[in-house]
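Data first, discussion second: the structure below is written as structure tokens.
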Amino acid sequence: MSDPFGKGSTRPMGDSMTGVRFTPLLTAEVQAVLERHGYRLPPGRDHIRELVMARVDIALKNLVEIFEGRTW
């Protein structure tokens, strides 16, 4: 099978499959893993935690693309 997108990737970046699979549950599961390893969200009001989790969400989406080799 040929590799139409090069570099071992079979899908282009921004693939809609990431959007389908990337749900709030994935972010919540990663948060739970981090907390089990002793990491904590910063203290503060809900808006601070929401801002932090928004950054985590972006970082996790980047990690997913790296993991699947779609960052070339």
Side-chain angles (χ1 to χ4, degrees):
M1 174 186 269
S2 68
D3 182 8
F5 302 110
K7 305 281 188 180
S9 174
T10 57
R11 295 181 302 267
M13 284 184 64
D15 182 6
S16 63
M17 282 305 294
T18 297
V20 170
R21 293 176 293 156
F22 196 94
T23 66
L25 179 59
L26 180 59
T27 303
E29 289 175 343
V30 169
Q31 179 182 350
V33 167
L34 290 170
E35 289 174 348
R36 277 196 306 273
H37 285 268
Y39 297 96
R40 298 288 176 253
L41 286 170
R45 298 188 176 171
D46 287 342
H47 74 280
I48 292 172
R49 289 175 180 235
E50 288 173 9
L51 290 172
V52 169
M53 290 309 296
R55 290 184 65 198
V56 168
D57 193 58
I58 291 167
L60 187 53
K61 286 177 183 175
N62 287 332
L63 176 62
V64 166
E65 288 185 346
I66 291 166
F67 186 81
E68 291 189 332
R70 295 184 289 125
T71 58
W72 309 108

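FYI, side chains are in, hydrogens and waters are out, and symmetry mates aren't considered; it's all heavy atoms of this structure.
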*Consider only side-chain heavy atoms of I, L, V, M, F, W and Y, link residues closer than 4.5 Å, and tell whether Phe22 and Val30 are in one cluster.*
yes

*Is the CZ atom of Arg40 crowded by more than 12 outside heavy atoms at less than 6.0 Å?*
yes

*Transitive ILVMFWY side-chain link Ile58 to Leu41, under 4.5 Å*: no

*According to a 4.5 Å side-chain heavy-atom criterion applied to Ile, Leu, Val, Met, Phe, Trp and Tyr, with indirect links allowed, do Leu34 and Leu60 form part of one hydrophobic cluster?*
yes

_Heavy-atom side-chain proximity of Thr27 to Met53 below 4.5 angstrom_ = yes

*asked:* Is there a continuous path of hydrophobic side-chain contacts, each under 4.5 Å between heavy atoms, that joins Val56 to Leu63?
replied: no

_As an exercise, state the distance from CZ of Arg21 to OG1 of Thr23, rounded to the nearest 0.5 Å._
11.0 Å

_I want to check something: taking the side chain as every heavy atom from C-beta on, are Val33 and Glu29 in contact at a cut-off of under 4.5 Å?_
no

